[in-house]
Amino acid sequence: MSTPYELLGGEAGVRALANELYQVMSQRPEASTIRSMHAKNTADVAERLFMFLSGWMGGPDLYFQKYGTVCLSSQHAKFAIGRDERDQWLGCMDQALVNINASDELIHMLKEPVFRLAEMMRNAE
């Protein structure tokens, strides 16, 4: 069975997904709350997301190699993230996967793990 990293086409595909997520976030009015939590230029956060997703999806653990252990909830603790914010992010991720032509197999494979990842960031009602 292939990993999500492999199904995305390796480094280039994971990088495309991370970049596309922030493009979608910037374009969707319904994502304005979560977009406002980020700097105007999203290049740095997209790079960090790429590095995290690389390892999380079964590829090289780039984030750990550069920054050490990752505690996503502590990195997001300064933001109020409730169900609405979680769902905004999930909607952007869903659209980003479609935009980069991810396979139905991959989209199905990621649905639950991506939800759990987003749910872990929730710190508000």
Side-chain angles (χ1 to χ4, degrees):
M1 179 179 200
S2 297
T3 66
Y5 182 87
E6 293 165 335
L7 290 171
L8 268 174
E11 180 180 336
V14 175
R15 186 178 297 281
L17 176 60
N19 290 331
E20 186 62 24
L21 174 76
Y22 289 103
Q23 288 297 313
V24 170
M25 190 183 295
S26 294
Q27 295 166 355
R28 293 182 85 164
E30 62 271 28
S32 63
T33 303
I34 61 169
R35 179 61 183 93
S36 70
M37 295 176 181
H38 297 84
K40 184 176 181 176
N41 184 329
T42 58
D44 288 342
V45 72
E47 180 65 14
R48 284 178 180 248
L49 179 62
F50 154 69
M51 290 171 29
F52 170 77
L53 288 176
S54 175
W56 188 77
M57 291 184 163
D61 202 356
L62 303 174
Y63 191 95
F64 181 78
Q65 291 170 14
K66 184 167 185 175
Y67 299 107
T69 17
V70 57
C71 181
L72 292 176
S73 57
S74 68
Q75 291 176 355
H76 291 82
K78 63 184 173 183
F79 304 106
I81 301 172
R83 287 181 180 90
D84 288 344
E85 292 77 16
R86 175 202 64 199
D87 292 347
Q88 287 175 32
W89 188 87
L90 287 168
C92 291
M93 179 59 84
D94 288 346
Q95 187 61 55
L97 284 162
V98 168
N99 290 359
I100 64 163
N101 298 312
S103 69
D104 290 341
E105 175 188 9
L106 178 61
I107 291 170
H108 178 74
M109 181 186 292
L110 290 178
K111 195 70 162 173
E112 184 60 31
V114 167
F115 176 84
R116 285 194 312 266
L117 182 65
E119 179 65 13
M120 284 186 342
M121 300 309 111
R122 224 165 46 86
N123 58 18
E125 285 305 314

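The analysis underlying the following values was restricted to heavy atoms, covering all of them including side chains, and did not include hydrogens, waters or symmetry mates.
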* Asked: Same cluster or not: are Y67 and L53 linked, directly or through other Ile, Leu, Val, Met, Phe, Trp or Tyr residues, by side-chain heavy atoms under 4.5 angstrom apart?
  ->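 Linked within one cluster.
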* Asked: Are M120 and F52 connected, step by step, through hydrophobic side chains (Ile, Leu, Val, Met, Phe, Trp, Tyr) whose heavy atoms are closer than 4.5 Å?
  -> yes
Below 4.5 Å, heavy atoms only, C-beta onward: do [X] and [Y] meet side chain to side chain?
X	Y	value
P113	W56	yes
M57	L8	yes
F79	T33	no

For [X] and [Y], indicate whether the former's side chain and the latter's backbone hold a donor-acceptor pair under 3.5 Å.
X	Y	value
N123	I81	yes
T42	V45	no
S54	L62	no

* Asked: Are side-chain N/O atoms of Q23 and N19 paired as donor and acceptor at under 3.5 Å?
  -> no
[atom1]/[X] to [atom2]/[Y] distance, rounded to the nearest 0.5 angstrom?
X	Y	atom1	atom2	result
R15	M51	CZ	CE	9.0 Å
L90	M93	CG	CE	8.5 Å
S103	L110	OG	CG	8.5 Å

Of all the heavy-atom pairs spanning [X] and [Y], show the shortest one and how long it is.
X	Y	answer
C92	I34	SG-CD1, 4.3 Å
I107	A102	CD1-O, 3.8 Å
Q88	S32	OE1-N, 4.1 Å
I100	A16	CG2-O, 4.0 Å

* Kindly determine whether W89 and M25 satisfy side chain to side chain contact (heavy atoms under 4.5 Å, CB included), including the steps that lead there. => CA-CA 8 Å; W89 188 87; M25 190 183 295; 4.0 Å; yes
* **Ionic contact status for R122 with E85, cut-off 4.0 Å** =>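 No.
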* To do: Please check if atom CD in E105 has more than 12 non-hydrogen atoms from other residues, nucleotides or ligands closer than 6.0 Å.
  => no
* Asked: Would M109 and L7 count as a side chain to side chain contact (heavy atoms under 4.5 Å, CB included) if you check the C-alpha gap in whole Å, the side-chain angles of each, and the deciding distance to 0.1 Å?
  -> CA-CA 10 Å; M109 181 186 292; L7 290 171; 3.5 Å; yes
* What residue pairs, at least two apart or across chains, pass ring-ring contact (aromatic ring centres under 6.0 Å, His included) with a residue in residues 91-125? ->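 Matches after skipping sequence neighbours: none remain.
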* Residue pairs fulfilling ring-ring contact (aromatic ring centres under 6.0 Å, His included) with at least one residue in residues 3-30, sequence neighbours excluded ->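 Passing the test, one end in residues 3-30: Y22-H38.
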* For Q95 and R28, run side chain to side chain contact (heavy atoms under 4.5 Å, CB included): C-alpha distance rounded to whole Å, both residues' side-chain angles, the deciding distance at 0.1 Å, then the answer. => CA-CA 10 Å; Q95 187 61 55; R28 293 182 85 164; 3.8 Å; yes
* Asked: With A96, which residues qualify under side-chain contact (heavy atoms from CB on, under 4.5 Å), at least two apart?
  ->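 With neighbours one apart ignored, the set is L17, E20, L21, V24.
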* Check against side chain to side chain donor-acceptor pair (under 3.5 Å), D61 and Q65 -> CA-CA 6 Å; D61 202 356; Q65 291 170 14; over 6 Å; no
